[in-house]
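Only this structure's heavy atoms are used, side chains among them; waters, hydrogens and symmetry mates stay out. Per chain, numbering begins at 1; letters A, B, ... match sequence-line order.
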There are 2 protein chains.
Amino acid sequence: MVRDRRGFIRRTKQREVILSVLQSTDTHPSADWIYEEVRQVLPNISLGTIYRNLRILVDSGEAMELRFGSGASRFDGNPKNHYHFVCLNCDRIYDLELSLQEKLEEQVSEKAGHRVLDHRLEFYGICDVCQSKKNTIDEPRHHDS
Amino acid sequence: MVRDRRGFIRRTKQREVILSVLQSTDTHPSADWIYEEVRQVLPNISLGTIYRNLRILVDSGEAMELRFGSGASRFDGNPKNHYHFVCLNCDRIYDLELSLQEKLEEQVSEKAGHRVLDHRLEFYGICDVCQSKKNTIDEPRHHDS
DNA sequence: TTAATTGCAAACCCTTTGCTTCATC
DNA sequence: GATGAAGCAAAGGGTTTGCAATTAA
């Protein structure tokens, strides 16, 4: 009997599996990758259902949507604000342990006069994995494994 | 005789006007808005040309591409790193005067071991304009004036 | 002269949506 | 049983791209 702006939300096997797939990885997968994973459990699921449920999960605060550069959205099963590092070579996204910079929000609201509700911080560069195999230009690998 | 990875780049009236339109506003416009503006000077220009040139400008470091939430990319004629505030009510994007947080890059490279080349920081909330006309839910207005 | 760039339109990718059927409450 | 959600497929928005014609160098 969960309620949100959309009315009642029923518990479905599909959404359950989608969320568990999302929570079982730290690769910040795309909708398509999640689709392929969920399909191994529910072979008849459709991409539309993936998208619909990801939207529900994001809107209800159970997941987070990330958009870097171009291409597909990436999803994070950890909805608490945290920061990311994006590798420009392989496209991997890493969670960072950097502590939340709440003071920056204060600074902005004081100086600019806007009511600040949230912030995002991400770093770009070459990840440790790609550095160790230098001179290799990966075919961007997006969130697999 | 500018050279970049793509070979020689010719100076064209189209790109000139696109860049000047982009630099003449602080509204962080979308490609489509730029298109409409440039069209008043070059009525036959096509959207494809807008996109092609925006890509050239971004790749050559003369402009910056911003992607917030869903929807179209927004472009910034100021290519130096700076931070933004995005109003969740009206979709306006504001430049912030917050100083560059270079120490955070150091912290990340030390702690996580990645080579950090850049970072982005943006704040979300309700802007001062929207706060003063409270109880009004704007039709998101995207970057017009 | 010749190769980069344009205009045009079609293609593309990712995401959303309409509709009928299914299944949860 | 109602009605929210699924599956399917078609539509949608934003962006890219192929190609012949143009134009800067």
Under the criterion side-chain contact (heavy atoms from CB on, under 4.5 Å), which of Val17(A), Thr49(A), Asn53(A) is the partner of Val38(A)? Val17(A)
Using modelled atom types and a 3.5 Å cut-off, is there a donor and acceptor pairing between side-chain atoms of Gln23(A) and backbone atoms of Ala63(A)? no
In whole angstroms, how far is the C1' atom of dT17(C) from the CG atom of Leu54(A)? 16 Å
Taking for Ala31(B) and for Leu42(A) the nucleotide of DNA chain D with the nearest heavy atom, the one nearer the 5' end belongs to Leu42(A)
Tyr51(A) vs dT16(C): side-chain N/O to OP1/OP2 distance below 4.0 Å: no
Scan Asn53(A) against the nucleic acid and name what it touches under 4.0 Å (heavy atoms): base, sugar-phosphate only, or nothing. sugar-phosphate
is_close_aromatic(His114(B), Phe123(A)), centroid dist under 6.0 Å: no
Any side-chain heavy-atom pair of His84(B) and Asp76(B) under 4.5 Å: yes
Residue pair Arg15(B)/Leu47(B) against DNA chain C: nearer the 5' end by closest nucleotide is Arg15(B)
Return no unless some side-chain N or O of Gln14(A) is found under 4.0 Å from OP1 or OP2 of dG7(D). yes
Rounded to the nearest Å, what distance is computed from the CD1 atom of residue Ile56(A) to the P atom of nucleotide dG4(D)? 12 Å
Does a side-chain N or O from Thr49(A) land closer than 4.0 Å to OP1 or OP2 of dA5(D), or not? no
Which part of the nucleic acid, if any, lies within reach of Arg52(B) when heavy atoms closer than 4.0 Å are counted: base, sugar-phosphate only, or nothing? base
Nearest-Å distance for atom pair CZ/C1', residues Arg55(A) and dC14(C): 12 Å
Aromatic plane relationship, His82(A) with His28(A) - under 30° parallel, 30 to 60° tilted, over 60° perpendicular: tilted
Residue Arg10(A), side-chain heavy atoms: nucleotide from dG7(D), dA2(D), dA25(D) that is nearest: dA2(D)
Counting side-chain heavy atoms from CB outward, which of dT15(C), dG7(C), dT15(D) is closest to Ile45(B)? dG7(C)
Whole Å only: how far is the CD atom of Glu36(A) from the P atom of dC14(C)? 13 Å
Sugar-phosphate only, base, or nothing, as touched by Asn44(A) at under 4.0 Å among non-hydrogen atoms: sugar-phosphate
Grab the CG-P distance between Asp32(A) and dC12(C) for me, whole Å please. 17 Å
Can you check the Ile50(B) CD1 to dC8(C) C1' distance for me, whole Å? 14 Å
Salt-bridge contact Glu106(B)-Lys103(B) (side-chain N to carboxylate O under 4.0 Å): no
Report yes if at least one side-chain N or O of Thr12(A) is closer than 4.0 Å to OP1 or OP2 of dA6(D); otherwise report no. yes
Nearest to the side chain of Ala72(B), which nucleotide is it out of dC8(D), dA5(D), dG14(D)? dG14(D)
Provide, to the nearest angstrom, the distance between the CG atom belonging to Leu66(A) and the C1' atom belonging to dT15(C). 17 Å
Does Ser30(A) place a side-chain N or O at less than 4.0 Å from the phosphate oxygens OP1/OP2 of dC14(C)? no
If the cut-off is 4.0 Å, is Ser73(A) near the phosphate of dC14(C), judged by side-chain N/O to OP1 or OP2? no
Expressed as a whole number of angstroms, how long is the span from Arg67(A):CZ to dG14(D):P? 11 Å
